[in-house]
A.B. asks: 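Quick one: the structure is below, and I'll ask about it shortly.
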Amino acid sequence: MSESQLWDDVDQYFSAQLSPDDDVLQAALRDSEAADIPMISVTAPQGKLLQLLAEIQGARNILEIGTLAGYSTIWLARALPADGRLISLEYDPKHAEVATRNIARAGLDKIVEVRIGAALESLPKLADENPAPFDLVFIDADKVNNPHYIEWALRLTRTGSLIVVDNVVRGGRVTDADSTAPDVQGTRAAIELIGSHPRLTGTAVQTVGSKGYDGFALARVL
């Protein structure tokens, strides 16, 4: 058995026992594939982790940067109370359309809003609305802008809020200080920002699974 097959088998076992996809989540994945949206959403165990983090946090307001087809959005929104709010920012109108349908099917359209446009344009507009501080921010968009997204997350959160940044390992390329790849540069800048910012404390964890070798960063606002 190959190493990647073993990772996949373990992910499937954990998913079946601890975070099984229900009909709504399975339909979201099917619709994503049918619409030719890249199948790069979080795995079921990662989605369950996001839900648990939001529940542990007692989150009432969540910000997601990067909706894709709404799979992670559903996991996060399920942690919210009936009067909670999740705003998800998505660059691609096609992705947003599929995500909106998936979210409505999940019965979460009353608490989830998908906003279309470049996140670095949507975030200043959101800040101008003076929203209640977000209890959790999940960043899973274009990696080159990760440090900018973290800076915006700091403006829109409170002491004790959590910031999760996905896909920070980049297949191990994150260690290459000489890399000119935008995703690596953005990821390294984000990690270094978390490590040096006086209002953040955080860590990063490597993961393996059905999506391969990757990882995430977790930071708490001080």
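All of these numbers come straight from a predicted model, not from anything done at the bench.
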A.B. asks: State, yes or no, whether a side-chain contact exists between Leu120 and Trp152 at a heavy-atom distance under 4.5 Å.
C.D. replies: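 Of all side-chain heavy-atom pairs linking Trp152 with Leu120, at least one is under 4.5 Å.
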A.B. asks: Applying salt bridge (charged side-chain N to carboxylate O under 4.0 Å, His left out) as the test, list every pair that has at least one member in residues 73-88; sequence neighbours left out.
C.D. replies: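 Counting only pairs at least two positions apart or across chains, the salt bridge (charged side-chain N to carboxylate O under 4.0 Å, His left out) contacts touching residues 73-88 are Asp22-Arg78, Arg60-Asp83, Arg85-Glu113.
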A.B. asks: Given the rule that I, L, V, M, F, W and Y join up when any side-chain heavy atoms are under 4.5 Å apart, are Leu162 and Leu63 in one cluster?
C.D. replies: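 No; Leu63 is not reachable from Leu162 via cluster members.
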A.B. asks: What side-chain donor-acceptor pairs closer than 3.5 Å can you find for residues 124-134, not counting sequence neighbours?
C.D. replies:
from   : atom 1 : to     : atom 2 : distance (Å)
Glu129 : OE1    : Arg115 : NH2    : 3.1
Glu129 : OE2    : Arg115 : NH1    : 2.8
Glu129 : OE2    : Arg115 : NH2    : 3.4

A.B. asks: What's the shortest heavy-atom distance between Gln46 and Thr207, and which atoms?
C.D. replies: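 Nearest pair, atom of Gln46 first, then Thr207: NE2-OG1, 4.1 Å.
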A.B. asks: Indicate yes or no: at least one non-hydrogen side-chain atom of Gln5 is less than 4.5 angstrom from one of Asp9.
C.D. replies: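 When only atoms from C-beta onward are counted, Asp9 and Gln5 do touch, with a gap below 4.5 Å.
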A.B. asks: For Glu55, look at atom CD and say whether over 12 heavy atoms of other residues, nucleotides or ligands are found less than 6.0 Å away.
C.D. replies: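 Yes, CD of Glu55 has more than 12 neighbouring heavy atoms, counting only those of other groups under 6.0 Å.
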A.B. asks: For residues His95 and Leu68, determine if any side-chain heavy atom of one lies less than 4.5 Å from a side-chain heavy atom of the other.
C.D. replies: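 Of all side-chain heavy-atom pairs linking Leu68 with His95, at least one is under 4.5 Å.
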A.B. asks: For Tyr149 versus Ala119, what's the shortest heavy-atom pair and its separation?
C.D. replies: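 Heavy atoms only, the tightest pair is CE2-CB, 3.6 Å.
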A.B. asks: Side-chain donor-acceptor pairs under 3.5 Å in residues 193-201, sequence neighbours left out?
C.D. replies:
from   : atom 1 : to     : atom 2 : distance (Å)
Ser196 : OG     : Glu192 : O      : 2.8
His197 : ND1    : Arg199 : N      : 3.0

A.B. asks: In terms of side-chain geometry, is the basic nitrogen of Arg188 or Asp176 positioned less than 4.0 Å from the acidic oxygen of its partner?
C.D. replies: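 No, this pair does not count.
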A.B. asks: Distance-only check: which donor-acceptor pairs under 3.5 Å involve side-chain atoms of residues 26-42, not counting sequence neighbours?
C.D. replies:
from  : atom 1 : to     : atom 2 : distance (Å)
Gln26 : NE2    : Asp21  : O      : 3.1
Asp31 : OD2    : Arg105 : NH2    : 2.5

A.B. asks: Side-chain heavy atoms nearer than 4.5 Å, only ILVMFWY residues, links allowed to pass through others: does that put Ile62 and Leu49 together?
C.D. replies: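 Same cluster.
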A.B. asks: List in chain and number order the residues that pass side chain to side chain donor-acceptor pair (under 3.5 Å) with Glu64, two or more places apart in sequence or in another chain; answer none if no residue qualifies.
C.D. replies: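 Per chain and number, Glu64 pairs via side chain to side chain donor-acceptor pair (under 3.5 Å) with Ser72, Thr73, Ser88.
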A.B. asks: Stepwise, does the salt bridge (charged side-chain N to carboxylate O under 4.0 Å, His left out) test hold for Lys211 with Asp11?
C.D. replies: CA-CA 9 Å; Lys211 298 293 177 68; Asp11 243 10; over 6 Å; no
A.B. asks: Decide yes or no for Ile65 and Leu123: does some side-chain heavy atom of the first lie under 4.5 Å from some side-chain heavy atom of the second?
C.D. replies: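 In short, these two side chains touch, coming nearer than 4.5 Å.
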A.B. asks: Under 3.5 Å, which donor-acceptor pairs link side chains of residues 212-222 to any protein atom two or more places apart or in another chain?
C.D. replies:
from   : atom 1 : to     : atom 2 : distance (Å)
Tyr213 : OH     : Gln206 : OE1    : 2.3
Asp214 : OD2    : Asn167 : ND2    : 2.8

A.B. asks: Between Leu108 and Val24, is there shared hydrophobic-cluster membership here, with clusters defined by ILVMFWY side-chain heavy atoms closer than 4.5 Å?
C.D. replies: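 Leu108 clusters together with Val24.
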A.B. asks: So Asp183 and Val144, do their side chains get closer than 4.5 Å, heavy atoms only?
C.D. replies: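 Counting from C-beta outward, Val144 and Asp183 never come under 4.5 Å.
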